[in-house]
Colleague: 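One structure, as structure tokens, below. Some questions next.
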2 protein chains.
Amino acid sequence: MINQVTGDTRWRIVEAAMHLFWEKGYGSTSVADILGRAAINSGSLYHFFPGKQDVLLAVLEAYRTGIEQNLLEPNWRGVDDPIEKIFRLLGGYRDALVQTECTFACPIGSLALELHEPDPPVRELFAANFANWAKAVERCLKDAGKRLPASTDRRALAEFVLTTMEGAVMLASSHRDIAYFDRAVQQLRDYFNFQLRPAKTPARSRPQRRHKGKSHA
Amino acid sequence: MINQVTGDTRWRIVEAAMHLFWEKGYGSTSVADILGRAAINSGSLYHFFPGKQDVLLAVLEAYRTGIEQNLLEPNWRGVDDPIEKIFRLLGGYRDALVQTECTFACPIGSLALELHEPDPPVRELFAANFANWAKAVERCLKDAGKRLPASTDRRALAEFVLTTMEGAVMLASSHRDIAYFDRAVQQLRDYFNFQLRPAKTPARSRPQRRHKGKSHA
DNA sequence: CGGTAACTTGATTGATCATTCAACCAAGTC
DNA sequence: GACTTGGTTGAATGATCAATCAAGTTACCG
């Protein structure tokens, strides 16, 4: 998963912790779990990290620096239209949900809500991750140029895409039903269509039903 | 907090757990914490509940049955306009964020994301809580009658309000900044305004900036 | 008053947790 | 071949956790 130049111990720890925090959350992942998955001993972990929380910091740092390579690039490969890029990104989270039978998707969001009162450095990394994500969407919105009215607040709209994604993931995973995610994304699509003036890809100008039943894949 | 006919032990436990789960989450709340806050001994707790998880079930059940009395009624007192009711409800979450300096707001959402793989009964209570919340909003949307186009999918829109609230709470609490919440709600307001035909309260028909800086209260 | 059922007490249990540390090893340097 | 540096081993430590239970208390009922 992800990649790094070295296959050294430190990275094995981060990689293992990434997976486990994503799967079980921070609190429910024991150091022993990490040791097991990374196939090392406790002494090695504590050689590289002062404590469990510092592993979390490294994990969040890895997400932060890897957003381009591991999140945006795979989802945007071969996609040019900036608006479509946004919905491809959301599609990536949809895939994660489907692949895990709607149990988990966004690791940052889950961790952020789990740790209500994180130490300042942890909180700052959450914020930085969210900010980078929104910035990427904001770039798309700027690339969309005049297809969006000049009056549209691009930053607020980009944040709103993130808001929608996180909320949609929460509902879908709580219900164990991808349809909740799809309906939310469709609402967002409709919101976009209200604002977009038709480009190459003609935008439906009126809300239109989809996804009546459960999953659609 | 909340209320119940009796001030008996069982209710004291649920009340204490409600507060603690909200404040620290499920995993970080020890049974000892609950005992302390409820001012009882472990034997009493285990007399009423087979285990910690059953306390969680009771808490979720309490939220579920109390939504009308403890959530809707206080926020909707004196408000008639169904659309305004929706935004008053969101305002209630805003108040919770502000009062806790943006550390926590929606207990259900936090717990739902914390417990990735809850036992079926727990998961069902999460789903039921979300469903009731969305149903309340859906009722408002139906009460709005012809102010919304007939083509609008009221269920999907109601769910979208919930999606937005949960996502907005997550962003605001991660950044410790209420402005993230406000911007998201403003986007939702704009979305509504695209669809609403002007009622008594004339709806701004164009997005309009607000909240440039940090908090606005 | 005797009896019983509901409830409470709080020390105790055993598991699990994050963390520590002295001993060990391997590669590189002088 | 002595010494150092960077990394590894894994048993041990002490804290904390959810859960137990035998002994006690209270309230009600006949």
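In what follows, chains are A, B, ... by sequence order, proteins preceding strands, each numbered from 1.
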Colleague: Using atom NZ of A:K52 as one end and atom P of C:dT19 as the other, report the distance to the nearest whole Å.
Modeller: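 After rounding, the gap between these two atoms is 8 Å.
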
Colleague: Start at the 5' end of DNA chain C and walk down; is the nucleotide closest to B:H47 or to A:P50 reached first?
Modeller: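 Taking each residue's closest nucleotide, the earlier one in sequence belongs to B:H47.
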
Colleague: Quick one: A:I40 CD1 to D:dG6 C1', roughly how many Å, whole number?
Modeller: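 Computing the A:I40:CD1 to D:dG6:C1' distance gives 15 Å.
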
Colleague: Which whole-number value in Å describes the distance from A:Y46 OH to D:dA11 C1'?
Modeller: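 Those two atoms, OH and C1', are 15 Å apart.
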
Colleague: Would you mind reading off the distance between B:D33 atom CG and D:dC17 atom P, rounded to a whole angstrom?
Modeller: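 To the nearest whole Å, that distance equals 7 Å.
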
Colleague: Write down the distance between OH (A:Y26) and C1' (C:dA18), rounded to a whole number of angstrom.
Modeller: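 After rounding, the gap between these two atoms is 10 Å.
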
Colleague: Send over the distance from A:I13 CD1 to C:dA18 P, rounded to a whole Å.
Modeller: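 Rounded to the whole Å, the gap is 14 Å.
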
Colleague: Taking the nucleotide of DNA chain D with the nearest heavy atom to each, does A:F48 or A:S42 sit closer to the 5' end?
Modeller: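 By nearest-heavy-atom nucleotide position, the 5'-most residue is A:F48.
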
Colleague: Please classify the nucleic acid contact of A:T29 as base, sugar-phosphate, or nothing, using heavy-atom distances under 4.0 Å.
Modeller: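 A:T29: backbone/sugar contact only, no base atoms under 4.0 Å.
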
Colleague: Looking at C:dA18, C:dT8, D:dA19, which one has an atom nearest to any side-chain atom of B:T9?
Modeller: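 Output: C:dT8.
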
Colleague: Any chance you could lay out the salt bridge (Lys or Arg N to Asp or Glu O under 4.0 Å) test for A:E61 and A:R64, step after step, and finish with the verdict?
Modeller: CA-CA 5 Å; A:E61 188 64 34; A:R64 194 176 68 83; 2.5 Å; yes

Colleague: Could you tell me the separation between the CG atom of A:L20 and the P atom of C:dC17, rounded to a whole number of Å?
Modeller: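 From A:L20 CG to C:dC17 P: 12 Å.
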
Colleague: Output, in order, the C-alpha distance, side-chain angles, deciding distance and verdict of ring pair (Phe, Tyr, Trp, His ring centres under 6.0 Å) for A:Y93 and A:F181.
Modeller: CA-CA 9 Å; A:Y93 287 88; A:F181 185 88; 7.7 Å; no

Colleague: Taking any heavy-atom pair under 4.0 Å as a contact, classify A:S44: base, sugar-phosphate, or nothing.
Modeller: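 The residue A:S44 makes base contact.
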
Colleague: Please check if the side chain of B:R88 supplies one atom and the backbone of B:W76 the other of a donor-acceptor pair under 3.5 Å.
Modeller: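 No, the answer is negative, given that no donor and acceptor are paired below the 3.5 Å cut-off.
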
Colleague: Would B:E15 and B:H19 count as a side chain to side chain donor-acceptor pair (under 3.5 Å) if you check the C-alpha gap in whole Å, the side-chain angles of each, and the deciding distance to 0.1 Å?
Modeller: CA-CA 6 Å; B:E15 205 180 15; B:H19 187 94; over 6 Å; no

Colleague: If I take atom CG in residue B:L35 and atom P in nucleotide C:dT9, what distance separates them, rounded to the nearest angstrom?
Modeller: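 Between P of C:dT9 and CG of B:L35: 10 Å.
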
Colleague: Please determine if B:D33 and B:K24 form a salt bridge, counting it only when a charged side-chain N lies under 4.0 Å from a carboxylate O.
Modeller: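 Yes.
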
Colleague: Counting heavy atoms from C-beta on, name the nucleotide in C:dG10, D:dG7, C:dT19 closest to the side chain of B:N41.
Modeller: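 Of the candidates, C:dG10 comes closest.
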
